[in-house]
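Read the structure below first, then the notes.
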There are 2 protein chains.
Amino acid sequence: MHSLTDRQRQILDWIRRETEANGRPPTRAEMATALGFRSVNAAEDHLRALARKGAIRLIPGSARGIQLKDGPPEDAGLWVVGRVAAGQPVLAREHLTVRHAIDPRTFRPAADYLLTVIGESMRDAGLLDGDLLAVHKSPEAREGQIVVARLGEEVTVKRFSRRQGAIWLLPENPAYQPIIVRPGEDLVIEGVGVGVVRLEV
Amino acid sequence: MHSLTDRQRQILDWIRRETEANGRPPTRAEMATALGFRSVNAAEDHLRALARKGAIRLIPGSARGIQLKDGPPEDAGLWVVGRVAAGQPVLAREHLTVRHAIDPRTFRPAADYLLTVIGESMRDAGLLDGDLLAVHKSPEAREGQIVVARLGEEVTVKRFSRRQGAIWLLPENPAYQPIIVRPGEDLVIEGVGVGVVRLEV
DNA sequence: TCTCATACTGTATATATATACAGTATGCAT
DNA sequence: ATGCATACTGTATATATATACAGTATGAGA
């Protein structure tokens with residue numbers, strides 16, 4: 001599939017939501033109204049582009065003839081990433097242990113994998129030992145986000161903060177100490193937490 | 001909902017399959033062709049009957065304007081149950097708000113629905129305000145399980161315990177008091193917690 | 001510099017589609 | 001005995017809808 005433009009992805013997402021909500025795809029006129037086009041042909045053009053790039057299929061001469069290509073792919077779901085050795089990509093096949101049938105788009109932004117939380121350092125954020133953290137892959141993080149960070153050999157889940165020219169990885173448990181990472185130290189942000197799944201209560 | 005005739009249920013099932021397969025509801029003409037009517041009006045008549053009996057909703061003047069009232073809930077995903085009025089079954093259609101594409105069997109035993117946790121009374125069990133508790137329907141609970149209990153008008157999530165001939169509903173937060181339910185009081189166990197889904201961290 | 005894709009406005013039209021109206025036949029309830 | 005719902009056939013039509021055609025403006029690539 002060719003890569004979509006921002007606008008096209010925006011419109012594809014809208015079509016997906018609309019189809020889900022109404023149980024049927026929109027018409028060109030409905031698209032124009034909702035998306036703010038003054039011409040129905042703008043909708044037609046976008047549909048053509050999306051079809052050409054393989055994101056949808058158009059059924060000619062048929063009302064609401066828009067088929068979304070990626071419905072529920074059978075390989076959908078989220079993998080639980082196991083022990084990750086240093087320097088290796090988190091999502092390498094050999095680290096994937098169990099797959100759970102959970103749509104990645106349940107979370108915003110969409111989750112890429114699940115990571116088992118070990119220890120009690122994030123207890124007060126409601127992240128208990130054994131919880132599965134839904135992680136969105138991202139090389140950077142914003143203030144206050146829960147991140148999956150790699151420090152040399154170690155992979156850890158902490159809250160992200162910038163203070164006094166350093167990066168602070170804050171636990172959410174008074175029994176634990178913050179980790180202060182000074183510039184130049186070997187810190188890699190693997191992703192940000194977007195949700196939690198707990199399989200026992 | 002009035003009871004459907006055999007023929008009407010047959011046709012409703014066909015519409016459901018067709019909608020699922022094509023991603024959109026059929027037209028009257030498509031129904032006539034597939035179901036062997038020589039007149040499109042036969043389809044129209046059936047749709048009117050199904051709408052009158054509440055099985056579907058028809059959107060006037062709109063192409064493929066057939067909305068299925070009851071999507072198959074067990075089919076895929078878990079519903080988030082909204083506010084439940086007293087004396088009404090939790091899983092009544094009108095209480096279902098949002099569906100998440102999570103396989104119920106991700107949890108053991110399988111979850112039947114998701115319930116939004118309100119308040120901080122179970123904070124120390126890692127259940128925060130807004131969390132979705134995966135619930136397995138069950139009229140009874142074992143010692144120490146997290147239960148969804150109904151006390152008259154109120155639906156509450158607590159830890160279940162039997163003590164001194166009464167049932168104790170224990171919070172997991174020192175700021176809250178246990179609820180003690182003596183025999184004869186109006187307590188209904190709706191189900192037991194089997195997991196948690198959190199959509200924000 | 002020219003071309004091409006993107007992202008639209010604006011107008012027009014063939015046809016896909018919903019839907020009304022007029023029937024026929026059957027069975028069920030009152 | 002008569003009305004009413006079911007389950008259709010057959011015809012007709014207003015309009016919802018897809019889609020062509022003619023433009024404008026912008027930015028990226030060759």
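Proteins get letters first, then strands, A, B, ... in listed order; numbering begins at 1 in each.
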On a heavy-atom basis, which atom in B/Leu78 and which in B/Ala111 lie closest, and how many Å separate them? CD2-O, 3.6 Å

Between P of D/dT24 and CG of A/Asp45, the distance in whole Å: 16 Å

Of all the choices, C/dT19, D/dT6, D/dA20, which nucleotide is nearest to the side chain of B/Gln8 once you look at every atom? D/dT6

If you check the A/Phe37 side chain, which of D/dT6, C/dT9, D/dC8 turns out closest? C/dT9

May I have the step-by-step check of salt bridge (charged side-chain N to carboxylate O under 4.0 Å, His left out) for A/Arg16 and A/Glu20, ending in yes or no? CA-CA 6 Å; A/Arg16 221 193 297 276; A/Glu20 179 78 21; over 6 Å; no

What's the CG-P distance between B/Leu50 and D/dA7, to the nearest Å? 10 Å

Any B/His46 side-chain nitrogen or oxygen under 4.0 Å from OP1 or OP2 of D/dT6: no

Between D/dG10, C/dC8, C/dA18, spot the one nearest the side chain of B/Thr27, thanks. C/dA18

From C/dA22, D/dA16, C/dA7, pick the nucleotide closest to the side chain of A/Thr5? C/dA7

The nucleotide from C/dT19, C/dC8, C/dT9 with an atom nearest the side chain of A/Arg7 is C/dC8

Between A/Glu18 and A/Arg64 (salt bridge meaning N to carboxylate O under 4.0 Å), is one present in this structure? no

Residue B/Pro60, side-chain atoms from C-beta onward, closest of C/dT19, D/dC8, C/dT17: C/dT19

Can you identify which nucleotide, out of C/dT6, C/dT17, D/dC8, has its nearest atom closest to the B/Asn41 side chain? D/dC8

Please tell me which of the listed nucleotides, D/dA7, C/dC21, C/dA12, lies nearest to the side chain of A/Val40? C/dA12

B/Ala63 has its side chain closest, among C/dA22, D/dT19, D/dA16, to D/dA16

Between C/dT17 (P) and A/Arg24 (CZ): distance, integer Å: 12 Å

Select base, sugar-phosphate, or nothing to describe what B/Arg28 touches, counting heavy atoms under 4.0 Å on all strands. base

C/dG23, OP1 or OP2 - any side-chain N/O from B/Ser39 closer than 4.0 Å? no

Return yes when atom CD of B/Glu200 has more than 12 non-hydrogen atoms of other residues, nucleotides or ligands closer than 6.0 Å, and no otherwise. no

Roughly how many Å is it from CZ in A/Arg64 to C1' in C/dT15, rounded to a whole number? 16 Å

Check the distance between C/dT24's C1' and B/Arg38's CZ and give it to me in whole angstrom. 14 Å

Intermediate values then yes/no, side-chain hydrogen bond (donor to acceptor under 3.5 Å, both in side chains), B/Ser121 and B/Glu172: CA-CA 6 Å; B/Ser121 72; B/Glu172 290 266 1; over 6 Å; no

